[in-house]
Participant: 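Okay, handing you the structure first.
Letters A, B, ... are given to chains in the order of the sequence lines, protein chains preceding strands, and every chain is numbered from 1. Just so you know, these numbers come straight off a predicted model, no measurement behind them.
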Amino acid sequence: MSRPGRYWLMKSEPSVFSFDDLKARPRSTDHWDGVRNYQARNYMRDMKKGDLVLFYHSNCDTPGVVGIAEIVREAYPDHTAFDPSSRYYDPKSGPDNPRWFMVDVKWKEALRRTVTLREMRGLQEVSGMKLMQKGQRLSVMPVTKDEFETIRGLGMAH
DNA sequence: GCCAACGTTGGC
DNA sequence: GCCAACGTTGGC
């Protein structure tokens with residue numbers, strides 16, 4: 001049973017893992033590990049192959065959306081939770097009862113310019129996004145098709 | 001089940 | 001570096 005493609009926004013700190021870093025990976029694909037928030041996890045479990053992602057740079061000089069990525073593998077256990085030497089280790093998650101999940105994300109398209117958080121706050125079409133809500137800290141969140149296309153359009157315009 | 005303490009996120 | 005907002009933890 002297929003469903004229409006959905007749209008998401010995923011945050012990453014560029015000093016840790018940037019959109020360019022994703023592009024540089026083999027097949028421009030990497031697993032999105034380290035999510036340790038239940039709501040974000042639940043969103044990741046809703047992701048389907050082919051869903052598109054706004055790649056957002058957070059905690060940096062110019063926070064904003066820098067590119068588009070695509071979900072290429074649906075949720076599977078996040079093995080970093082099983083590894084005591086990982087910063088994402090969670091002793092309550094084991095291979096027999098995984099608590100945390102990840103997806104595989106593929107670099108798809110760079111925006112011609114960053115669509116900044118500041119700019120989005122002033123735009124009625126996208127100002128309702130969860131991203132804009134005060135105190136909202138989710139690193140993975142759904143966006144509507146309209147929001148996705150508005151932001152992509154801005155980033156691709158001259 | 002309450003809630004204070006703590007750690008984290010992330011814009012500024 | 002600051003700090004507001006939030007989620008989680010754990011004592012009781």
Side-chain angles (χ1 to χ4, degrees), chain A residues 6-25 30-47 51-71 75-105 107-144 146-157:
Chain A
R6 288 187 189 157
Y7 301 89
W8 309 92
L9 181 145
M10 300 175 89
K11 295 179 182 175
S12 189
E13 300 189 24
S15 63
V16 177
F17 186 74
S18 71
F19 191 54
D20 283 344
D21 291 334
L22 178 60
K23 186 179 187 182
R25 290 298 156 120
D30 209 349
H31 51 271
W32 201 272
D33 62 11
V35 170
R36 296 293 179 268
N37 170 282
Y38 289 103
Q39 197 174 352
R41 177 202 68 180
N42 294 344
Y43 284 140
M44 285 205 303
R45 291 203 293 202
D46 285 341
M47 292 175 171
D51 284 359
L52 297 179
V53 176
L54 297 171
F55 197 108
Y56 178 90
H57 278 170
S58 66
N59 205 10
C60 55
D61 286 349
T62 309
V65 175
V66 296
I68 310 295
E70 179 180 351
I71 302 301
Y76 60 104
D78 181 343
H79 55 75
T80 63
F82 311 148
D83 175 5
S85 68
S86 169
R87 65 169 294 212
Y88 299 124
Y89 178 56
D90 180 354
K92 298 189 192 110
S93 184
D96 296 333
N97 60 335
R99 173 176 298 206
W100 304 114
F101 291 82
M102 56 192 183
V103 294
D104 285 357
V105 170
W107 187 99
K108 185 174 173 66
E109 171 182 73
L111 298 184
R112 297 180 65 189
R113 66 176 184 85
T114 300
V115 178
T116 67
L117 176 63
R118 174 180 230 281
E119 173 183 4
M120 289 188 277
R121 283 193 197 289
L123 257 187
Q124 174 151 22
E125 298 95 309
V126 296
S127 60
M129 291 170 67
K130 290 182 197 298
L131 179 71
M132 248 61 74
Q133 290 165 14
K134 186 182 172 98
Q136 188 294 121
R137 300 179 315 173
L138 273 180
S139 61
V140 175
M141 68 187 78
V143 301
T144 68
D146 283 349
E147 290 161 348
F148 179 90
E149 288 177 352
T150 297
I151 289 168
R152 179 177 178 280
L154 284 169
M156 287 304 179

Participant: In this structure, how many angstroms lie between the P atom of dG11(B) and the CG atom of Asp61(A), rounded?
Facilitator: 11 Å
Participant: Rounded to whole Å, how long is the line connecting atom NZ of Lys134(A) with atom C1' of dC12(B)?
Facilitator: 12 Å
Participant: Over how many whole Å does the gap from Arg137(A) atom CZ to dT8(B) atom P extend?
Facilitator: 11 Å
Participant: Can you tell me how far C1' of dT9(B) sits from NZ of Lys130(A), to the nearest Å?
Facilitator: 17 Å
Participant: Would you kindly say whether Asp21(A) and Ser18(A) are connected by a side-chain donor-acceptor distance under 3.5 Å?
Facilitator: yes
Participant: Mind checking if Leu138(A) touches a base, just sugar-phosphate, or nothing, with heavy atoms under 4.0 Å?
Facilitator: sugar-phosphate
Participant: Say you draw a straight line from OH of Tyr7(A) to CD of Glu149(A); how long is it, rounded to the nearest 0.5 Å?
Facilitator: 5.5 Å
Participant: Counting only side-chain heavy atoms from C-beta out, which of dT8(B), dC12(B), dA4(C) sits nearest to Leu117(A)?
Facilitator: dC12(B)
Participant: Does OP1 or OP2 of dG11(B) have a side-chain N or O of Tyr56(A) closer than 4.0 Å?
Facilitator: yes
Participant: Could you check whether any side-chain heavy atom of Leu154(A) comes within less than 4.5 Å of a side-chain heavy atom of Leu123(A), counting everything from C-beta outward?
Facilitator: yes
Participant: Under the criterion side-chain contact (heavy atoms from CB on, under 4.5 Å), which of Thr114(A), Leu111(A), Asp20(A) is the partner of Val66(A)?
Facilitator: Thr114(A)
Participant: Could you check how far CG of Asp90(A) sits from P of dG7(B), rounded to whole Å?
Facilitator: 17 Å
Participant: Check this one for me: any side-chain N or O of Arg36(A) less than 4.0 Å away from OP1 or OP2 of dT9(B)?
Facilitator: no
Participant: Can you find a side-chain donor-acceptor pair between Arg36(A) and Ser93(A) that sits under 3.5 Å?
Facilitator: no
Participant: Rounded to the nearest angstrom, tell me the gap between atom CG in Asn37(A) and atom C1' in dT9(C).
Facilitator: 15 Å
Participant: Please compare Asn59(A) and Arg99(A) by the position of their nearest nucleotide in DNA chain C and report the one closer to 5'.
Facilitator: Asn59(A)
Participant: Tell me: CD of Gln136(A) to P of dA4(C), nearest whole Å?
Facilitator: 19 Å
Participant: Check whether any side-chain heavy atom of Tyr38(A) lies under 4.5 Å from a side-chain heavy atom of Trp100(A), and answer yes or no.
Facilitator: yes
Participant: Select one nucleotide: of dG11(B), dT8(C), dT8(B), the one nearest the side-chain heavy atoms of Tyr38(A).
Facilitator: dT8(C)
Participant: Between dG7(B), dT9(C), dG11(B), spot the one nearest the side chain of Lys92(A), thanks.
Facilitator: dT9(C)
Participant: When we call it a touch if two heavy atoms are under 4.0 Å apart, what does Arg121(A) touch: a base, just sugar-phosphate, or nothing?
Facilitator: sugar-phosphate
Participant: Nearest 0.5 Å, what's the CE-NZ distance between Met141(A) and Lys130(A)?
Facilitator: 8.0 Å
Participant: Please give me every residue in residues 10-22 of chain A whose heavy atoms get under 4.0 Å of an atom in DNA chain B, ordered by residue number.
Facilitator: Lys11(A)
Participant: Rounded to whole Å, please give me the gap between CE in Met132(A) and P in dT9(B).
Facilitator: 21 Å
